[in-house]
2 protein chains.
Amino acid sequence: MSLLVVGSVALDSLETPFGRREDVLGGSASYFSTCASFFGPTRVVAVVGEDFPEEHVRFLGSRGIDLAGLVRRPGRTFRWKGRYEFDLNTAHTLDTQLNVFATFQPELPAHYRDSEYVFLGNIDPDLQRAVLDQVKGPRFVGCDTMNYWITSKRESLLRTLERVDMLFVNDAEARQLAGEHNVVKAARKILSFGPRAIVIKRGEYGALFFSGDEVFAACAVPLASVFDPTGAGDSFAGGFMGYLARCGGHDHATMRRAIVLGSVLASFTVEQFSLDRLRTLTPEEIRSRYAEARTLAHFDELEADLFNGSGTPR
Amino acid sequence: MSLLVVGSVALDSLETPFGRREDVLGGSASYFSTCASFFGPTRVVAVVGEDFPEEHVRFLGSRGIDLAGLVRRPGRTFRWKGRYEFDLNTAHTLDTQLNVFATFQPELPAHYRDSEYVFLGNIDPDLQRAVLDQVKGPRFVGCDTMNYWITSKRESLLRTLERVDMLFVNDAEARQLAGEHNVVKAARKILSFGPRAIVIKRGEYGALFFSGDEVFAACAVPLASVFDPTGAGDSFAGGFMGYLARCGGHDHATMRRAIVLGSVLASFTVEQFSLDRLRTLTPEEIRSRYAEARTLAHFDELEADLFNGSGTPR
């Protein structure tokens, strides 16, 4: 089924303990659509500047991604500069240049308007709703956000959340949005804001999913080498939404598989800089790491007679 | 089968965001043996002072715990004072008074010497070996330690590790012991020091287990209320070792169930101050939360035809 993403297509400059890169391909819509492309085509709504290298456009096109909504505007492309310490769970933003993104007013090509699955990348919640307004009756809307919008545009964000099926946030964002330190309580409070489901991304620890009484915990596959965590969250969302759109369902069992696939896609993304690992990634590798995640998390039932005659004084 | 623990029996004073308690029952051997007592009897080697309340001795005895090795010495009982902020994953030690523990030389009662399962609680690695020296051919030795011993008694700790089957540490301790930030690499390095297996405890995130090529990730059951994390690690070890000793095996499938049971016991301990939750805990509640952990972590295989004809350009 049709999947739409709105977000950034950017040029990133990155510093990690393992090296640095200048002006490499980045942005939420780039990671999202490339990961989703393993499951089916994705429609992108985003803006780039005159300086955006044509090779990146060709790469995204080669993945079967629909770029009718990727507009080029006079000026420079959105740039993000970040640094990671040895604790790769936390990004330190060194510089953000909005450039052409500052005046971006997303406008959907006519054939995008029937999209059934929609992902609202981490952009101004006003723009997120502007995109939703242009889609006719989507079946499932996913949404990302960040501390900046939680603080500076809380009311607008809450209006967006009323129209969202599932929110993707990390621990800190969930706590901040809910004003509650305990993640279980924070998740329950955020569900009361509107979304039917919430996934809390916990970096190297995995992810927690809450929806009604349903709770699912996905452990991340432990990785011996993590190079660059940039794009992990968007890769997670891309794997999740791509799989959901491909299956066309969103029952809890499907959601659980989607979460693990999101976690698997993210685990590949962080193995190399930028989208480099995704360029060589194969469906067989995705399937294999998914199987690894199943083996990793498996344990059997307890013996029926475990507590009988154990000498326990009760 | 017979299970022995050496560790502290202490009086703790605790401050958490949810309240404080003075001079309550604590210590690694107290938490360990009480948790293990659900699976079978445990032999305790520890020391208390003249001020140690008889009611605590009666409580431990009522759990079927063998206290022949719990000696009372002139002086005051070991005391620990700690504080937790809203991030309940980290304990801040405010004060440690070794008291009678300062001159403790563990001596095993004769009937303890045939113990098949041995847990060396977090004490001076010299004392850990002194206990091992008194046990005739144990089948399985578990060992805890902390940053203090890793720094101040590294050589002695490494000598202990050569005689240990499984090490129980948290993320930070594993990193410090291995001198390696990545937990997978840290685990592999620590295995090269001698232990056949290592479990890395990650607080609210769960635990990772490594042994040879075997990797297991257990997600912690998300809790809506955590009151006091003191003793979580020793409860984990108590549940783990208690189950192992009861089963008498240590194949990987048994180890996985043991890790989840450890995590389940710890999840109860943190729900109230001190050992209070363990006083009312029933085998049925343990069984029920174990089943919850299984439901929490379950996800199905991928569809066999997932990547066929998905439009993916490879």
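A note on names: the letters A, B, ... follow the listed sequences, proteins ahead of strands, and every chain is numbered from 1. Please read all numbers here as calculations on a predicted model, not as lab measurements.
Contacts of A/Glu214 with chain B are absent, with no heavy-atom separation under 4.5 Å from either backbone or side chain. Looking at A/Ala224, both its backbone and its side chain come within 4.5 Å of chain B, counting heavy atoms on both sides. Interface remark: A/Leu296 contributes backbone and side-chain atoms alike to the contact with chain B (heavy atom separation under 4.5 Å). For a residue to count as touching a neighbouring chain, one of its non-hydrogen atoms must lie under 4.5 Å from one of that chain's; by this rule B/Glu284 does not touch chain A. When heavy atoms are compared at a cutoff of 4.5 Å, A/Glu292 does not approach chain B at all. Looking at B/Leu302, both its backbone and its side chain come within 4.5 Å of chain A, counting heavy atoms on both sides. Both the backbone and the side chain of A/Arg294 come within less than 4.5 Å of a heavy atom of chain B. Both the backbone and the side chain of A/Glu303 come within contact range of chain B, with heavy atoms under 4.5 Å apart.
Not a single donor-acceptor pair under 3.5 Å links the side chain of A/Arg246 to the backbone N or O of B/Phe307.
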Q.
Between B/Tyr290 and A/Leu306, does the side-chain contact (heavy atoms from CB on, under 4.5 Å) criterion hold? Intermediate values first, please.
A. CA-CA 12 Å; B/Tyr290 183 96; A/Leu306 175 61; over 6 Å; no
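Looking only at heavy-atom pairs under 4.5 Å with chain A, the residue among B/Val183, B/Val184, B/Leu261 that has the most is B/Val184.
Contact annotation for residues 249-259 of chain A against chain B (heavy-atom separation below 4.5 Å, listed by residue number): A/Ala253, A/Arg256, A/Arg257.
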